[in-house]
Amino acid sequence: MKIGIDQLSFYTTNYFIDMAKLAKARNEDPNKYLIGIGQRKMAVIPPTQDSVTLAANAAAKLLTPEIRQQIDTIIFATESGIDQSKSGAVYLQRLLKLPKSVRAFEVKQACYSATAALQFARGFVALHPDKKVLVTASDIARYGLHTPGEPTQGGGAAAFIVSANPRILALEDTSTVMTEDVMDFWRPNYATEAMVDGHYSGNVYVDFFQDVFNRFKTQTGMTIANFQAFAFHLPYTKMGLKALRTILPEASEAQQEQLKANFEDSRGYNQDVGNLYTGSLYLSLLSLLENTTTLHSGDRIGLFSYGSGAVSEFFTGILQGNFKDALLKESERQALNKRQEVDLATYERLFNTQLPTNGSSVELDTAYEQATYYLAGIANHQRQYRVTTK
């Protein structure tokens with residue numbers, strides 16, 4: 001029985017800042033951002049959007065009345081959780097009007113957790129092939145203004161439905177994983193911005209990729225010739241390119257060109273969104289699927305998932321017949337092109353407008369909010385979520 005990703009969507013806010021302009025404002029060469037880290041635009045997240053609303057806006061694109069009734073489990077993958085006890089998945093159940101008979105929970109391991117959710121969902125569907133699992137990967141990447149990590153901020157949410165007989169990508173059985181306690185990135189409970197050793201993290205990322213990819217080849221007997229494309233976790237897109245370059249010498253000259261071209265297709269959306277932690281790999285996959293003109297049914301994609309701290313996994317999927325027909329009618333490129341550019345002052349104001357941490361109530365300015373699901377404020381220690389009627 002085939003099990004895998006049946007539907008896939010993404011959502012980010014309506015606002016972005018141009019990376020070249022941000023570079024100039026920070027007295028940096030624009031090419032440091034455009035080429036050095038491989039980013040063109042960065043999503044700007046207003047205080048009216050959090051990990052729950054981003055996930056709801058992404059998942060709503062996939063849900064029909066019939067599918068709502070088939071979903072048995074909601075898994076909320078995030079490292080931007082809003083509560084130390086209650087999962088974001090429970091909020092999604094209400095906001096998305098999903099059945100009360102679902103199970104709902106949250107998973108965390110830096111940027112790896114969406115892949116952990118995918119593997120759990122796959123196992124569950126194997127036992128219950130008539131059920132579907134909704135996975136959301138939702139995060140807001142924050143490092144602080146005027147910090148080395150500032151140009152690798154961003155945010156958004158990917159959502160996908162895992163089912164039997166998937167229309168997009170059928171997962172294969174073998175995967176290889178690696179875990180090691182390293183301090184390349186972390187965020188203590190008392191901090192609103194992450195702590196990161198950027199250079200070290202980049203090296204760990206590449207080392208983990210080489211380890212899990214080499215062990216995958218040993219376990220399966222496959223070589224790079226068995227792959228038509230790779231999708232990477234992309235906190236910034238140059239990181240994935242560095243990992244890909246370490247294995248390109250294993251391929252023929254013709255395949256090297258194919259893999260590089262497919263990588264360019266896979267990083268297009270991430271270049272215009274920035275870092276979204278848990279959802280970065282799945283935005284890369286969506287970018288690849290929507291933009292490719294060379295991939296076909298039966299082609300194998302290698303996927304590298306990495307979560308700092310650190311956990312990684314290399315796994316594979318086979319593209320299904322007419323996979324493009326299962327993608328949403330409005331491409332993500334169309335949605336991204338509709339966003340509004342903000343100037344530096346607006347970007348900094350929105351970044352600094354944070355929810356209170358002392359338990360006080362707040363009412364947010366929602367006049368500009370265009371999303372279906374948004375946060376209106378906090379009252380009595382409870383987040384006040386709203387559904388737009390505009």
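The first residue in the sequence is number 1, and the count goes up from there.
Although no hydrogens or angles enter the test, the distance criterion places no donor-acceptor pair under 3.5 Å between the side chain of Asn380 and the main chain of Gln382. Thr292 places no side-chain N or O within 3.5 Å of a backbone atom of Leu288 that could act as its donor or acceptor partner. Of the possible donor and acceptor atoms, none in the side chain of Gln7 sits under 3.5 Å from a partner among the backbone N and O of Ala326. Using modelled atom types, no side-chain atom of Gln39 and backbone atom of Tyr33 make a donor-acceptor pair closer than 3.5 Å. Judged purely by atom type and a 3.5 angstrom limit, Glu332 has no side-chain atom pairing as donor or acceptor with the backbone of Ser287. No donor-acceptor pair under 3.5 Å is formed between the side chain of Glu264 and the backbone N or O of Ala261. Formation of a donor-acceptor pair under 3.5 Å by the Ser9 side chain with backbone atoms of Leu62 is not found in this model. Between the side chain of Tyr205 and the main chain of His233, a donor-acceptor pair closer than 3.5 Å is present. Within the 3.5 Å criterion, the main-chain N or O of Ala77 finds no donor-acceptor partner in the side chain of Ser113.
Side-chain polar atoms of Asp139 and Thr278 form a donor-acceptor pair below 3.5 angstrom. With hydrogens and angles left out, the side-chain atoms of Gln49 and Tyr15 include no donor and acceptor closer than 3.5 Å. Side-chain contact of Thr115 with Tyr282: a donor-acceptor pair under 3.5 Å is present, judged by distance alone. For Arg215 and Thr176, the side-chain atoms include no donor-acceptor pair closer than 3.5 Å. With 3.5 Å as the limit, one finds a donor-acceptor pair spanning the side chains of Glu313 and Tyr112. For the residue pair Arg167/Gln320, the side-chain donor-acceptor check at 3.5 Å is not satisfied.
The aromatic rings of Phe213 and Phe209 lie parallel to each other, their planes meeting at an angle below 30°, with 60° marking the opposite boundary. Between Phe230 and Phe314, the ring-plane angle classifies as tilted under the 30° and 60° cut-offs.
Counting non-hydrogen atoms of neighbouring residues, nucleotides and ligands closer than 6.0 angstrom, the NZ atom of Lys21 reaches no more than 12 such neighbours. Atom CG of Asn337 is surrounded by more than 12 heavy atoms from other residues, nucleotides or ligands within 6.0 Å. At most 12 heavy atoms of other shown residues, nucleotides or ligands fall within 6.0 angstrom of atom NZ in Lys108. No more than 12 heavy-atom neighbours from other residues, nucleotides or ligands sit within 6.0 angstrom of NE2 on His381. Heavy-atom neighbours of Lys324 NZ from other residues, nucleotides or ligands within 6.0 Å: above the threshold of 12.
A salt bridge links Arg333 with Asp272; the closest basic N to acidic carboxylate O contact falls under 4.0 Å. For the pair Lys132 and Glu66, the salt-bridge criterion is not met [side-chain N within less than 4.0 Å of a carboxylate O]. A salt bridge is absent between Glu363 and Arg386; no separation between the charged side-chain nitrogens and carboxylate oxygens falls under 4.0 Å. The existence of a salt bridge linking Asp343 and Arg349 is excluded, since no basic side-chain nitrogen approaches an acidic carboxylate oxygen closer than 4.0 Å.
Linking Ile, Leu, Val, Met, Phe, Trp and Tyr residues whenever their side-chain heavy atoms come within less than 4.5 Å places Leu8 and Val133 in a single cluster. No chain of hydrophobic side-chain contacts below 4.5 Å, direct or via other Ile, Leu, Val, Met, Phe, Trp or Tyr residues, connects Ile318 to Ile224. Under the 4.5 Å side-chain heavy-atom criterion for Ile, Leu, Val, Met, Phe, Trp and Tyr, Val125 and Leu171 are members of the same hydrophobic cluster.
Annotation: Phe208 is not in aromatic contact with Phe304 [ring centroid separation under 6.0 Å not met]. The distance between the ring centers of Phe120 and Phe105 falls below 6.0 angstrom.
Each salt bridge (charged side-chain N to carboxylate O under 4.0 Å, His left out) pair with one or both residues in residues 177-204, not counting sequence neighbours, appears once here: Arg142-Glu193.
Applying the side chain to side chain donor-acceptor pair (under 3.5 Å) rule to Asn14 yields no partners; only residues at least two apart in sequence or on another chain are considered.
In this structure, Lys86 is positioned above the aromatic face of Tyr91, its NZ or CZ under 6.0 Å from the six-membered ring centre and within 45° of the axis.
Considering only heavy atoms from C-beta on, Leu283 stays 4.5 Å or farther from Thr12 through its side chain.
Contact detail for Leu281 and Ser305: the closest heavy-atom pair is CD2-CB, 3.8 Å. The minimum heavy-atom distance linking Gln228 with Asn262 is given by the pair O-ND2, 2.7 Å.
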